[in-house]
Amino acid sequence: MKDTSVEATSLRHAQFGRASRNMRLQTLVRLRWLAVAGQTVTVLIVAGLFRFSLPIVETGLLIAALALVNLGLSLRFPATHRLKPLAALALLGFDLLQMSGLLFITGGLANPFAPLLCVPVIISFASLPLRQSLVLLVFAIACTTLLTVSPYPLPWHPDEILIIYPVMQLGIWCAIVSMMAFAAFYAYRVSMEATLLADALAATELVLEREKHLSQLDGLAAAAAHELGTPLATISVVAKEMERELSDDDRFREDVALLRSQSERCRDILRRLTSLSAENEEHMRRLPLSSLIEEVTAPHRQFGITFQLVEKSDRSDEPVGHRNAGILYGLGNLVENAVDFACKTVQLTVEHDADKVAITIEDDGDGFAPDVLSHIGEPYMSTRNREMDRAGGLGLGLFIAKTLLERSGASLSFENRGPDETGARVRIVWPRSVMEIKD
């Protein structure tokens with residue numbers, strides 16, 4: 001799928017550019033207000049309810065600093081403002097520093113809230129570019145390491161001494177750092193997959209809109225012929241009158257004759273456009289299954305690959321459906337993919353009955369690599385194991401084809417042909433009701 005996948009990729013980048021990972025300020029502000037509320041409640045419970053010794057002034061100042069910065073951001077910027085990566089990194093770094101300060105004066109890693117240091121890192125990997133996220137991860141690990149040397153005791157009962165041995169400190173440090181790294185990697189992968197999927201679906205919509213636009217050009221040509229017919233007829237009449245009046249004038253005779261001949265030529269062109277639209281209007285609206293197969297295979301018959309059409313059902317009972325740009329594009333993509341990887345032959349098997357319509361596309365190439373069969377249809381994934389991948393390589397075209405066909409009501413299966421035959425097999429099955437016009 002060389003042309004289709006590359007074209008869809010260029011369409012996506014033309015429309016959206018690079019995937020945006022700019023965080024909305026309002027989202028971060030709300031999370032920080034939640035942090036301010038949580039920290040305040042925790043301090044009040046520890047100091048008021050449990051009566052533990054707690055540096056109230058210092059913790060109050062740190063919480064107030066976070067609240068003031070948050071209030072300033074809310075007043076300075078609109079709710080729809082999006083942060084640039086460096087600005088978001090600075091704010092998340094401040095959050096991490098404020099949280100580390102609270103933990104440092106309340107027992108360091110012995111504080112049971114120490115794992116909350118992972119939260120800014122997770123947010124960063126889910127919403128910021130990888131470079132800024134890695135910087136924040138390193139800073140978070142440094143803050144976690146600094147907490148191991150906190151001289152402040154954990155707020156506890158005054159008549160008890162809570163001893164945290166160095167080996168326990170090391171275990172807590174390892175647990176927090178490993179959790180931080182794992183959660184960051186997991187958040188980054190989930191976020192990137194969601195971004196890729198959104199971009200691929202957007203490219204699918206763009207391709208489908210283009211196909212619908214192309215299918216409407218015939219009607220536009222007919223409308224243009226109709227609108228241009230009247231003024232062109234007037235020009236032709238005037239040209240005839242001028243030719244009759246100026247036929248004896250050598251200065252204008254040739255020019256007037258040329259004007260009339262060219263106006264007649266324009267009328268012939270418009271007449272052909274009008275008749276072409278009238279002849280094909282019904283064909284463009286109603287599309288028998290056999291015509292559908294011919295239309296998706298015709299552009300690929302000039303590449304030295306033999307097409308074998310196997311019809312298991314009688315054409316007299318074939319379904320006749322509406323022209324569907326998504327089906328035409330999706331099947332064309334799959335046929336093109338088969339031609340790209342076939343050695344000599346591509347076979348299309350068509351069958352239909354009262355319940356279903358099925359099309360099977362097979363080629364005699366190398367087939368799908370076993371390790372990617374279970375992932376076929378994901379965006380930006382290579383689908384074959386050929387070293388020179390003529391199909392464009394990223395799998396976007398196959399994703400678009402699969403998505404468009406599934407939207408039309410089809411179910412698809414991808415497999416290799418079997419131990420005795422080489423090549424790939426794609427089977428597309430629709431309920432007959434969605435492939436047939438109800439009279």
Side-chain angles (χ1 to χ4, degrees), residues 1-4 211 283 286-370 373 376-377 383-386 390-391 397-398 400-437:
M1 293 176 288
K2 181 178 180 179
D3 295 333
T4 51
E211 291 300 308
H283 170 71
R286 298 168 63 91
L287 192 63
L289 182 61
S290 56
S291 299
L292 170 67
I293 298 299
E294 178 60 29
E295 189 163 337
V296 299
T297 57
H300 309 291
R301 294 182 181 274
Q302 309 300 322
F303 299 99
I305 299 298
T306 302
F307 276 90
Q308 296 179 352
L309 179 60
V310 178
E311 297 182 277
K312 294 187 175 181
S313 306
D314 191 354
R315 276 198 184 187
S316 62
D317 188 40
E318 70 177 354
V320 178
H322 289 290
R323 173 175 293 271
N324 186 312
I327 292 178
L328 289 169
Y329 189 91
L331 284 178
N333 249 314
L334 296 178
V335 169
E336 183 181 3
N337 192 50
V339 170
D340 282 340
F341 289 96
C343 295
K344 297 180 179 179
T345 305
V346 172
Q347 178 176 302
L348 272 76
T349 304
V350 183
E351 53 185 312
H352 51 83
D353 54 30
D355 299 321
K356 70 177 187 301
V357 177
I359 299 174
T360 304
I361 304 171
E362 299 174 288
D363 64 69
D364 60 350
D366 296 331
F368 297 111
L373 259 178
I376 285 179
T383 57
R384 296 293 183 102
N385 56 1
R386 180 169 291 185
R390 292 175 289 161
L398 184 57
I400 291 174
K402 183 173 182 291
T403 301
L404 291 177
L405 290 172
E406 287 177 341
R407 286 185 179 183
S408 72
S411 59
L412 287 80
S413 62
F414 299 84
E415 60 184 1
N416 289 322
R417 298 177 71 183
D420 299 329
E421 297 177 303
T422 61
R425 176 186 294 119
V426 181
R427 182 173 173 82
I428 311 102
V429 181
W430 293 268
R432 179 160 181 148
S433 59
V434 304
M435 292 290 285
E436 192 166 35
I437 297 176

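Note: hydrogens, waters and symmetry copies are ignored here, and every other heavy atom, side chains too, is used. Predicted model only: the values in this text are computed from it and were never measured.
Across all their heavy atoms, His352 and Leu289 have their closest contact at CD2-CD2, 3.8 Å. Closest heavy-atom contact between Pro431 and Gly409: CD-O, 3.4 Å. Here the shortest heavy-atom pairing between Ile428 and Ala410 reads CG2-CB, 3.6 Å. Looking at every heavy atom in both residues, Ile361 comes nearest to Val335 through CD1-CG2, 4.0 Å.
Within the 3.5 Å criterion, the main-chain N or O of Ile293 finds a donor-acceptor partner in the side chain of Thr297. Arg417 places a side-chain N or O within 3.5 Å of a backbone atom of Asp363 that can act as its donor or acceptor partner.
Listed by chain and number, the residues in a side-chain hydrogen bond (donor to acceptor under 3.5 Å, both in side chains) with Thr349 are Gln347 (sequence neighbours excluded). Ser290 pairs by the side-chain hydrogen bond (donor to acceptor under 3.5 Å, both in side chains) definition with Glu318, not counting sequence neighbours. Residues satisfying the side-chain hydrogen bond (donor to acceptor under 3.5 Å, both in side chains) test with Asp314, not counting sequence neighbours, are Ser316. For the side-chain contact (heavy atoms from CB on, under 4.5 Å) test, residues two or more places apart in sequence or in another chain that qualify with Ile305 are Val339, Ala342, Val346. With sequence neighbours excluded, no residue forms a side-chain hydrogen bond (donor to acceptor under 3.5 Å, both in side chains) with Lys312.
Every pair passing salt bridge (Lys or Arg N to Asp or Glu O under 4.0 Å) that includes a residue from residues 342-351 is listed here, sequence neighbours excluded: Glu351-Arg427.
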